[in-house]
Amino acid sequence: MSNGTFDAGDVTLEQVREHVWELPATGDMRVPARVFASRALLEEISEDKTLEQLRNTTHLPGITNYAICMPDGHQGYGFPVGGVGALDAETGCISPGAVGYDINCGVRMMKTNLTYDEVAGTEAELVDSLFANVPSGLGGGGIVESDVETVNEILARGVDWALEHGYAVEEDLLHCEDEGTREEADPDKVTQKAKDRGKNQIGSLGSGNHFLEVQRVTNVFDAHVGEAFGLEEDQIVILIHCGSRGLGHQTCTDYLRKIERQHQGLLNQLPDKELAAAPAGSQLETDYYGAMNAAINFAWVNRQLIMHRTRQVFERVFDRSWQNMEMELLYDVAHNIAKKETHDVDGDQRELYVHRKGATRAFPAGHPDVPTAYRDVGQPVIIPGSMGAGSYVLRGGENSMDLTFGSTAHGAGRLMSRTQAKNEYWGGDVRDELEDQRDIYVKAQSGATVAEEAPGVYKDVDEVVRVSDELGIGDKVARTFPVCNIKG
DNA sequence: ATGTGC
């Protein structure tokens with residue numbers, strides 16, 4: 001098993017052990033790179049730019065230990081999706097491209113006490129009602145129409161704002177990464193243009209791979225952790241996947257431009273302009289971190305409002321209160337973020353900007369940042385698969401701090417581009433096939449989006465999760481299967 | 001991902 005290699009173009013990976021591959025540091029690489037994947041998953045990224053992009057990220061100042069690619073990794077803007085980069089917060093930098101355009105794209109899972117039998121037969125009504133009540137698609141129209149003053153409150157306070165205005169209960173905050181608020185947010189660092197784009201999108205799914213899906217739990221693999229999470233077989237749960245809409249996108253664009261103007265020197269040292277970064281100690285480092293944290297808060301409020309509206313829809317369809325249906329938040333995880341975290345590096349406690357782009361925080365049992373309710377078992381990790389495959393709930397594994405700066409995968413990972421997907425699939429056919437063959441009801445604003453998100457466009461989520469579980473960075477707890485899905 | 005290009 002040892003000393004195997006994997007050749008992909010001009011990149012050759014050396015196998016360290018099962019599911020662990022290393023690209024040794026050569027030339028101007030500051031550190032090696034590591035890919036956590038099976039050989040089957042490596043095959044999926046052997047012909048695109050993923051590994052080249054991963055190698056490029058090792059050039060970022062302050063990068064610590066190694067640049068990381070998760071089992072679901074694929075090529076992205078500069079930095080691979082499924083990438084983790086820990087950059088020294090005192091001597092390194094922070095990089096908008098390593099966070100991603102959709103700042104705090106993420107997922108939350110809401111539980112219910114309904115069983116699949118109680119929901120079977122209502123799928124068509126449920127999907128129509130959700131589609132009619134949860135705004136989706138490109139452009140404006142959210143659950144809350146607001147002004148710039150309200151946007152500023154949301155940017156500063158996150159889900160705490162939603163609590164004050166009756167869109168959340170205290171328990172929701174306690175079951176969200178960072179309790180739904182990044183205190184370091186600085187709304188003044190978000191441009192007026194970004195706020196204008198965001199003010200009519202508060203509580204909206206957006207487009208692309210974003211969705212709201214009603215699911216049934218098909219397997220509980222770990223009875224003890226399943227009980228701690230409140231998950232059991234045949235239970236109905238709801239998954240909400242979306243981000244910070246135009247506000248986050250504009251924030252990324254704004255800071256990439258500012259960095260290009262002000263830090264040309266650093267930019268010229270990097271192999272790819274898309275890795276543009278603000279050096280530690282610069283004004284733009286502070287400004288971007290404040291703006292990014294504000295956009296993170298916006299995304300959490302976005303998911304909170306969608307959850308609130310979903311509770312109302314279920315109340316009408318099932319004629320019971322949401323409290324009676326125990327529609328409680330399991331957890332909310334961020335997929336596209338950077339955070340200042342303290343990690344043990346060769347025995348030293350170091351402050352690092354941990355960039356997780358298409359990667360999930362996966363803190364193990366006992367970590368102080370895991371909510372009290374889950375402290376003994378580890379942080380819930382939610383991994384959405386395609387709309388035909390279903391999803392997983394994991395818990396942070398005991399090896400995550402040592403191997404991946406406390407991170408694991410975030411999804412199945414795309415196999416092909418959106419353009420390619422539209423050439424391969426027709427939205428209406430995909431929809432009909434899901435309903436006729438798998439009893440999954442899909443309703444979308446655009447047929448093109450359904451084609452772009454066809455199940456065949458994604459890698460095998462079971463394989464991604466198997467690798468995470470076997471590495472001990474995120475352990476399997478439960479699996480779900482779709483009942484109905486709405487999307488942009 | 002995204003007022004689906006600057």
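Computed from a prediction, not measured in an experiment: that's the story for all the values here. Lettering follows sequence order; numbering is per chain, from 1.
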Answer with base, sugar-phosphate or nothing: what part of the nucleic acid does [X] contact at a heavy-atom distance below 4.0 Å?
{"X": "A:Gln201", "result": "sugar-phosphate"}
{"X": "A:Lys357", "result": "nothing"}
{"X": "A:Ser244", "result": "nothing"}

Euclidean distance, atom [atom1] of residue [X] to atom [atom2] of [N] [Å, nearest integer]:
{"X": "A:Asn104", "N": "B:dT2", "atom1": "CG", "atom2": "P", "answer": "13 Å"}
{"X": "A:Leu256", "N": "B:dG5", "atom1": "CG", "atom2": "C1'", "answer": "15 Å"}
{"X": "A:Ile103", "N": "B:dT2", "atom1": "CD1", "atom2": "C1'", "answer": "12 Å"}
{"X": "A:His210", "N": "B:dT4", "atom1": "NE2", "atom2": "C1'", "answer": "14 Å"}
{"X": "A:Gln445", "N": "B:dT4", "atom1": "CD", "atom2": "C1'", "answer": "15 Å"}
{"X": "A:Glu274", "N": "B:dG5", "atom1": "CD", "atom2": "P", "answer": "15 Å"}
{"X": "A:His249", "N": "B:dC6", "atom1": "NE2", "atom2": "C1'", "answer": "13 Å"}
{"X": "A:Asn200", "N": "B:dT2", "atom1": "CG", "atom2": "C1'", "answer": "16 Å"}

Margin query: Run the side-chain contact (heavy atoms from CB on, under 4.5 Å) test against A:Asp369 and tell me which residues pass, sequence neighbours left out.
Written below: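 A:Asp369 satisfies side-chain contact (heavy atoms from CB on, under 4.5 Å) with A:Arg361, A:Phe363, A:His367 only.
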
Next item on the list: Applying side-chain contact (heavy atoms from CB on, under 4.5 Å), name anything that partners A:Arg245, two or more places apart in sequence or on another chain.
Entry: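 A:Arg245: side-chain contact (heavy atoms from CB on, under 4.5 Å) contacts with A:Gln201, A:Ser204, A:Asn302.
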
Note to self: If the condition is side-chain hydrogen bond (donor to acceptor under 3.5 Å, both in side chains), which residues does A:Asn152 pass it with, not counting sequence neighbours?
What the structure shows: A:Lys195

Notebook entry, point to check: Can we say A:Arg216 and A:Asp439 salt-bridge, meaning some charged N sits less than 4.0 Å from an Asp/Glu carboxylate O?
Noted result: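 Result for this pair is no, no salt bridge flagged.
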
Margin query: Taking ring pair (Phe, Tyr, Trp, His ring centres under 6.0 Å) as the cut-off, I'd like each qualifying pair that reaches into residues 192-215 of chain A, sequence neighbours left out, listed once.
Written below: A:His210-A:His241, A:Phe211-A:His241

Next item on the list: Verify the contact: side-chain N or O of A:Arg418 to OP1 or OP2 of B:dT4, cut-off strictly under 4.0 Å; return yes or no.
Entry: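 Checking A:Arg418 against B:dT4: no side-chain N or O falls below 4.0 Å of OP1 or OP2.
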
Check: Any sub-3.5 Å donor-acceptor pair from A:Ser282's side-chain atoms to A:Glu285's backbone N or O?
Finding: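 Side chain of A:Ser282 to backbone of A:Glu285: a pair is present.
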
Item checked: Whichever of A:Leu138 and A:Gly208 has its nearest DNA chain B nucleotide further upstream toward 5' ->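 Looking at the nearest nucleotide for each, A:Gly208 comes out on the 5' side.
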
Note to self: So, using salt bridge (charged side-chain N to carboxylate O under 4.0 Å, His left out) as the criterion, who are the partners of A:Lys422 when residues are at least two apart?
What the structure shows: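 By the salt bridge (charged side-chain N to carboxylate O under 4.0 Å, His left out) rule, A:Lys422 matches A:Glu452.
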
Next item on the list: List in numerical order all residues of residues 257-268 of chain A for which some heavy atom is under 4.0 Å away from an atom belonging to DNA chain B.
Entry: none

